[in-house]
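None of the values given here were measured: they were computed from a predicted structure. Note that ligands are numbered from 1 as they come in the structure, with each ligand's atoms numbered from 1 the same way.
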Amino acid sequence: MDIKTIKTKKSRLDEVDFDNLGFGDLFSDHMFIMDYENGEWKDPRIVPFENLSVSPAMMTLHYAQTIFEGLKAYYTKDKKICVFRPSAHASRMVVSAKRLCIPKVEPEMFLKALTELLKLDRGWVPKKRENSLYIRPFIFATDEYLGVSVSNTYKFMIITSPVSLYYKEGLNPVSLITSGKYVRACQGGTGHIKAGGNYAASLYPAKEAKKKGFTQVLWLDGKEHKYVEEVGTMNMMFLFDDELVTPPLGGTILAGITRDSVLTLAKEWGIKVNERRVTIDEIMNRADDGTLLEAFGTGTAAIIAPVGKITHNDRTVVIKDGKTGDLSHRLYEELSAMRHGEKEDKYEWCAML
Ligand code: COI
């Protein structure tokens, strides 16, 4: 399918202060949009970024039949653009779509749309090393109907946003608190996909965590409230002595692309990698006895986010004296170097534009 392009008459690029970027509050000149009607995706187009006009009865607004992805593009030292693992994101979106009865967008079309959009807005990819262009593909139901049912029409869109680091802590360690009351996901639910509703349900507990001075909630499993799952905006990793442990994907945890990249690098570096269930008690005890050397989160937005403090019930542990650990630092640097074309991309993770 050919993509029709209508370019903006007035670029906003020269109004952007690239030295003071936030996260997700500024949008590039163009967006991609495609409609699903009568059983097929049609009319792919790139148009100036603009508001949508939707019916108040649009189903997504009521029943959250919507999914999204998040990936990033980086400016390389050879003045090219590296889009990090776009095929993995396209495939994950197919998995998300299936669970919410949303018609899939073929990865080929996803990649074509992304490529065309980025070619047009390549000037929006920040040049500063810690910054990037965050890419947000999403699909949402557009039927105008108040019955709870599968929509017959959808839109697939991609918008992009020049961003800096996700957490206000920057590259410094974040603090996490478990929730004794709320859960993020349970078996059979939607915890493994990028469904908008997952994030809506996390807002209230996250607000409580923030009120207590923590960056995020460290989610425990929905059944026994005992095993560590993830953070919602990132997967979790723990370095116990020489063993890197991360909770296994099992239906309640998002299959993070950064998670997968980190596991690949750690294996290459000869680190013992173990995807196994880990209890919050093990983490607290091993922090106390000194065998928890590092904890960090991994995610597209979060990149590698060291964790300096965890609170569970009435107990608090400080990890690595609240400082960034060597492995977290090495992983961050290695990923950055690959993404900026400073190191060989041996796994072919960068799609170069
Ligand atoms: C991402 O890392 O892309 C995420 O999806 C987290 C987010 C909701 C900002």
Side-chain angles (χ1 to χ4, degrees), residues 21-28 60 64 66-74 82-97 99-100 110 114 118 125-126 130-140 157-171 174 176 184-185 190-207 209-210 215-219 229-237 246 249 252-263 296-307 328 331-332 335-336 339 349 351:
L21 295 174
F23 186 92
D25 52 1
L26 173 71
F27 306 100
S28 315
T60 296
T66 177
I67 54 170
F68 70 94
E69 270 301 318
L71 63 161
K72 279 180 173 173
Y74 301 82
C82 154
V83 189
F84 195 69
R85 306 192 68 179
S87 302
H89 287 276
S91 305
R92 191 170 68 181
M93 197 169 214
V94 172
V95 175
S96 295
R99 177 64 179 82
L100 290 200
F110 178 110
L114 192 68
L118 291 188
V125 180
E130 75 214 37
N131 298 342
S132 56
L133 188 73
Y134 186 75
I135 304 162
R136 171 54 59 86
F138 55 110
I139 311 179
F140 57 101
M157 297 186 62
I158 308 177
I159 56 174
T160 69
S161 170
V163 299
S164 186
L165 299 165
Y166 186 70
Y167 295 120
K168 69 170 176 14
E169 287 85 348
L171 292 173
V174 298
L176 305 177
R184 174 185 173 276
T190 58
H192 61 300
I193 63 162
K194 284 190 92 68
N198 291 348
Y199 296 80
S202 75
L203 295 176
Y204 188 80
K207 191 169 147 192
K210 282 212 173 80
T215 319
Q216 291 272 334
V217 175
L218 175 60
W219 294 110
E229 299 239 298
E230 60 156 281
V231 169
T233 47
M234 55 190 192
N235 294 109
M236 280 304 301
M237 309 248 168
T246 193
L249 306 175
T252 55
I253 292 174
L254 187 79
I257 314 291
T258 313
R259 174 188 183 277
D260 179 73
S261 309
V262 161
L263 295 181
F296 55 92
T298 64
T300 297
I303 318 176
I304 304 291
V307 175
S328 314
L331 285 163
Y332 178 86
L335 285 170
S336 262
R339 289 161 166 171
W349 283 337

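- In summary, E69 and R136 do not engage in a salt bridge, as defined by a charged side-chain N under 4.0 Å from a carboxylate O.
- Looking at atom 2 (O) of ligand 1, its nearest protein heavy atom turns out to be A301 N, 2.8 Å.
- Ring pair F140/F68: centre-to-centre distance not below 6.0 Å.
- For the pair S96 (side chain) and K194 (backbone), a donor-acceptor distance under 3.5 Å is present.
- Annotation: atom 4 (C) of ligand 1 to nearest protein heavy atom, K194 NZ, 3.5 Å.
- When the options F23, F68, Y134, Y199 are ranked by their closest heavy atom to atom 3 (O) of ligand 1, first place goes to Y134.
- Between E230 and R184 there is a salt bridge, since at least one side-chain N of the basic residue sits less than 4.0 Å from a carboxylate O of the acidic one.
- Where the criterion is an N or O separation shorter than 3.5 Å, residue side chain and backbone included, Y166 fails it with respect to ligand 1.
- Residues F110 and A90 come closest through the heavy atom pair CD2-CB, 3.4 Å.
- Distances shorter than 4.0 angstrom do not occur between any heavy atom of M234 and any atom of ligand 1.
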